[in-house]
Structure formats: structure tokens, C-alpha cells
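Below is one structure, written out as C-alpha cells; comments come after it.
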Amino acid sequence: MTVTRFPPSPTGDLHIGGARTALYSWLYARQNDGKFILRIEDTDLERNSKQSVDAIIDGMNWLGLDYDEGPIFQTDRFDRYKAVIQQLLDEGKAYRCDCTTEELEAVREQQRANKEKPKYNGKCRERHDVSVEGSVIRFKNPLEGDVVIHDRVKGDIVINNRELDDLILARPNGVPTYNLTVVVDDMDMQMTHVIRGDDHINNTPRQINLFLALGAKLPEFAHVPMILGDDGKRLSKRHGAVGVMQYRDDGFIPQALLNYLLRLGWSHEEQEIFSREEMIDLFKLENVNVAASTFNTKKLIWVNEQYIKTLAAEELAEHLEWHLDNQKLDISNGPAITDVIEAHRDRAKTLKELASNIRYYYEDFSEYDEKAAKKNFKTATPGILQNLLDKFKQVNDWNPESIESVIQATCEELELGMGKVGPPLRVAVTGTAMSPSLDVTLNLVGKERSLKRLEKAVAFATAKYAES
RNA sequence: GUCCCCAUCGUCUAGUGGUUAGGACACCGCCCUUUCACGGCGGUAACCGGGGUUCGAGUCCCCGUGGGGACGCCA
């Protein structure tokens, strides 16, 4: 069975880069009816935090990347790691080293000065007199020969063992380190595919050597390229949104973000929008691009718009709920939210924007948009609005058609074009210069509210005209 | 510095020896229009450089150059 995993270290939020490798791993598992595991790599006791664990899980949930096992915490598996390390020690595949950090740094300094790659010099490799107290345990990496990674996206990568050094498996306090725990876990969890960022390519040959030393079956490796910020540098906090949840706050639909992330560095013919099912069905590791790609918010926004335009109104309403709540907009007193969504979905780039665009259906406004009022409330306005108001009062069946016919009637009676009547009416009823077509807008605002606002606008415009 | 990875429009990409180098985002123009949008139509814009291989290279090889990554008792 196919088994993949996503193994973040809990030192921060779930980032865009992490979200994408999680997505790829998840897709691969789902596509092959396999298992997707969430593993928390929390062996750096200093830096990891409970909040980060929660943030990562929140992010995974929001994105809908469900896992079949986990979260598994490496800190719960220390006994197992210790046993493996002991086994390596017993078999002479690992050794104790008591070199001090100062010593190590001096060696590296020297190597750098000699224009060499800094690495451990193997001083303790053949010693047998190192005391347990205060010493680390190192892996005896092979000294010669090549390690070949048969990478599913990059192709074969060859690294000579001379480039590698004896990595530390356990700190003096016995806490195991990353490369050891990853290998033990991937071995124990029978990982078939390791899909991760290509910043890990350098770790892979070391891990392969460890797998080999443990007599374990090698998983397949797939290193996906990094995501860069628009300055060409690796994506980081400086490039705007930190965690994935920031995108929720900014009004993105999780599926849209997933869609964007999928297409960033992967493609299928000329398709841009993929449903969840299509993603699972069509994703191929071999189609993942080999080069790093730049994150582009404008395209993400475009993808988001596509989802806002096409998702079922009910589903959109669910996603919108958080934003309504966040913007303190109570929609219990007003038109059905799905109707409002239908009227506004072509006009919003984000859910955040959508939420703020629809306030006037549910709440009265106290002020007109300054520019809109200035531009559209003229000396003739009170008369026009009063004419509309009188006719609207007579309408019993409040619907788009009846509203439209009133507007037409006013235009004819006053011998004015739609361009003279529509804009002031819009400002009067919505307080803004933008809304869907007037028949739809007034219908949603409702008769009672519309009349009240028209009365207020007549008064406002009259007073304003009287001033000058 | 050493090792590894990479290189097609500004950005995401298609392209696997013969194409007018295609699509998408963005940008610009036109149309639609009571506003804001949507939409429709059209346009600008790319094979990093140099050597090979070949009848023929964006595509294969080599060398540069440029970018990214790694070089931790971080993961």
C-alpha cells in the first residue's frame, strides 16, 4: 500500500511551501488509495510549541487535507529511537564523539579557509575511549562510493560519500536528531513515498545511508522545487502572509488556494481550475516542474474569483460565515444570503470583500460614500428621488420587474435617461456608487428599507442643495 | 568557498529534433453597460550566453553566466 506523510516541525504556522508539499503527498496517497500520515517532528525541544502544533492542524483542517494517521509525535517515540541508536552502536555503525562545539567550529573555520566544504573531520570515528557522559553519537557514514537518488521529479542525482560527514544521531542528553528520527519513522511506518521540498536533497543521501545501515527498504523520493517570493528569494515572513490561515483571513477559499498551489509548479494540459476529484485523478509526480517557481498573489486572486463565481451559493455561504462573523455583520434581518451571493459573486475578488460589499442589505448606513454623494446628488436629485419614492409606495408586489418598471416610468415622466435616474437612486438606497443592477438591488434591500432610505435621501439632497 | 538543484513572455507554464514557440495571470486597447464588476474581442511580451552534435536545435552534449538550496548538538 502507498504510504505518504507530511512531517512539519512545530516551530511556526503551516506555510505556503509546507502546504504545497502536504498537498502533493496527500494527493499521491489519495490517488493510490493509500495512507497519508501527519507526523510532528518535535525533537527540537527548545523551539517547538503547542501553539504551532495547533496552528498546523488548523491549517490542515482548513485546507481539507485529511490524514489517516496522526498526528504522531516524535517525542512519543524516544524509546524506539534509542533502541535503534543502540543497535547501530552495537553493530559498530555508530560511535561516540566528545569533540566540543568550539573544536568543531575551529575545524570548519580551517576548512573554509582552505576553500573546502566544512564538515566533521572524523576525529573520534575510530576511538573507543569516549565516555558516555557529555558525548554525542555519530553515524559512521561510508567513506567512499556514490549514493544515487532515483528522484521521481528530478531524475537520478548522484552524490559521492566524500561530500558527506558523520552526522549526529543523538545529542549528549540522548535526544535523537532529525535525520535519525526521520529514517526510523519512515522505516517503521513503511513509507513508500517521501515527497518533500528540494531543500532536503542534501539530507537524502545521508538518510539513504542510514536506511541501508538499518537494512530497511528504501522509499521512493520525490523532491519538489521551492516556492520563491517575488524577489527571487525563498518564501518567508517578509513576503506577506505567514501562515496558511492568513489566507483565510484575507478572504481566500481553501480549495482556491489548493488549486493555485497545485498549479504552481505542476500543470495538466491547459487546465487552470481543478476540482478536488480532478486533482486526485490527474496529479502526476512526473508532471511536477523541476524549477523553483515564484508565488504570485494576483493569480491566486484570479483563481479565488473563479471559485467565487462558480461555487454553489450554499457552499459559498458556509465559507462566508467566518467573514460575516469577523466583520460583525448580522444577516438574520434581511434577504437570504444565497440570493445576495448570487447578486454579488461577480463583483468580489475575495470573501472578505464580498462580506463588506453586502452590508447595506442588512444594516442601515448613517453616511453616504462621500465621493458617490458628491458626484450623484445634484440639484435635480430631490425631484427625481421624490418621483421614484411616490411610485414605489404604490407598488404592492415588490420584485425586480415592478421595480424596473417604476424606474422606467420615472425616466419617461421626467424625460430623463437612465443615466440621470439610476446613479442617484443607487446612492440613496445603498449609500455607495456600486451595486448590482438596481432592480436586483432594491428587491434585495426590500420595500420598507428602500422607501425609508429614499425619504432620507430626499431630505439630505434637499438640505444639501439649500446650502449652496 | 565546496557540493547539489535549476534556467521558455514580468509571473505560472506547454513544448520531449522540423511549431507562425501554445495557454493562463498581469498589463494595454476596443465592445457591452444606469454604477461597480462579469463577459466578449484584440494587442504588447519569452527560448540566459558561447561552443559543439545534426540536413535541421527551445529541445541533445560541453563550457560559461545567473538564480536557488545545502554545508548545525534546526528540521
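In the text below, chain A, chain B and the rest are named by the order of the sequence lines, each starting its count at 1.
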According to side-chain contact (heavy atoms from CB on, under 4.5 Å), who are the partners of [X], at least two apart in sequence or on a separate chain?
| X | value |
| --- | --- |
| A/Gln255 | A/Ile253, A/Leu258, A/Arg276, A/Met279, A/Tyr307 |
| A/Pro219 | A/Val194, A/Phe211, A/Phe221 |
| A/Pro172 | A/Val136 |

Pull out every protein N or O sitting under 3.5 Å from an N or O of nucleotides 39-44 of chain B, one pair per line with the distance.
| unit_1 | atom_1 | unit_2 | atom_2 | d |
| --- | --- | --- | --- | --- |
| B/rG39 | OP1 | A/Lys309 | NZ | 2.8 |

Close N or O pairs between protein and nucleotides 60-68 of chain B (under 3.5 Å):
| unit_1 | atom_1 | unit_2 | atom_2 | d |
| --- | --- | --- | --- | --- |
| B/rG68 | OP1 | A/Lys233 | NZ | 2.3 |

- When the nearest nucleotide of RNA chain B is assigned to A/Ala348 and to A/Asn296 on a heavy-atom basis, which residue is associated with the more 5' position?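 Whichever sits nearer the 5' end wins; that is A/Asn296.
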- Message: Is there, by distance only and without an angle test, a donor paired with an acceptor across the side chain of A/Arg347 and the base of B/rC36 below 3.5 Å?
- Response: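 For A/Arg347, whose side chain was compared with the base of B/rC36, there is a donor-acceptor pair (under 3.5 Å).
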- Message: Check this for me: does the side-chain of A/Asn203 come within 3.5 Å of the base of B/rA75 through a donor and an acceptor?
- Response: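 Pair found.
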- Item | Partners meeting side-chain hydrogen bond (donor to acceptor under 3.5 Å, both in side chains) with A/Arg171 (sequence neighbours left out) |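 Not a single residue meets the side-chain hydrogen bond (donor to acceptor under 3.5 Å, both in side chains) criterion with A/Arg171.
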- Just jot down the side-chain hydrogen bond (donor to acceptor under 3.5 Å, both in side chains) partners of A/Gln327, sequence neighbours excluded, or say none.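 Partners of A/Gln327 under the side-chain hydrogen bond (donor to acceptor under 3.5 Å, both in side chains) test: none.
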Not counting sequence neighbours, which residues clear ring pair (Phe, Tyr, Trp, His ring centres under 6.0 Å) with [X]? List them please.
| X | value |
| --- | --- |
| A/Tyr368 | A/Phe365, A/Phe377, A/Phe460 |
| A/His344 | A/Tyr361 |
| A/His193 | A/Tyr28 |

- Message: Take a 6.0 Å sphere around CD of A/Glu133 and say whether it holds more than 12 heavy atoms from other residues, nucleotides or ligands.
- Response: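 Not more than 12 within 6.0 Å, no.
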- Query: Under 4.0 Å between a side-chain N or O of A/Thr177 and OP1 or OP2 of B/rC74?
  - Reply: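 For A/Thr177, the contact criterion (side-chain N or O under 4.0 Å from OP1 or OP2 of B/rC74) is not met.
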- Query: When you check the phosphate oxygens OP1 and OP2 of B/rG72, does a side-chain N or O of A/Thr101 lie under 4.0 Å from one of them?
  - Reply: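 Negative; the distance criterion is not met.
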- Where along residues 149-157 of chain A does a heavy atom come under 4.0 Å from RNA chain B, residue by residue in number order?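 Contacts with RNA chain B under 4.0 Å: A/Lys154, A/Ile157.
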- Message: Can you tell me the base-pairing partner of B/rU2? Count Watson-Crick or G-U wobble geometry only, both distances below 3.5 Å, and say none if there is no partner.
- Response: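 Its partner is B/rA70.
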- Message: Just confirming the chi classification of B/rC38, syn or anti, using 90° around 0 as the syn window.
- Response: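 B/rC38: syn.
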Return a table of donor-acceptor pairs under 3.5 angstrom between the side chains of residues 417-429 of chain A and protein atoms on other chains or two or more places apart.
| unit_1 | atom_1 | unit_2 | atom_2 | d |
| --- | --- | --- | --- | --- |
| A/Arg426 | NE | A/Ser435 | OG | 2.9 |
| A/Arg426 | NH2 | A/Pro436 | O | 3.2 |

- Query: With a non-hydrogen cut-off below 4.0 angstrom, is A/Thr181 in contact with a base, only sugar-phosphate, or nothing?
  - Reply: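 Since no nucleic acid heavy atom lies under 4.0 Å of A/Thr181, the category is nothing.
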- Query: Does A/Ala22 offer a backbone N or O that forms a donor-acceptor pair with the side chain of A/Ser25 under 3.5 Å?
  - Reply: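 Judged by distance alone, no pair lies under 3.5 Å.
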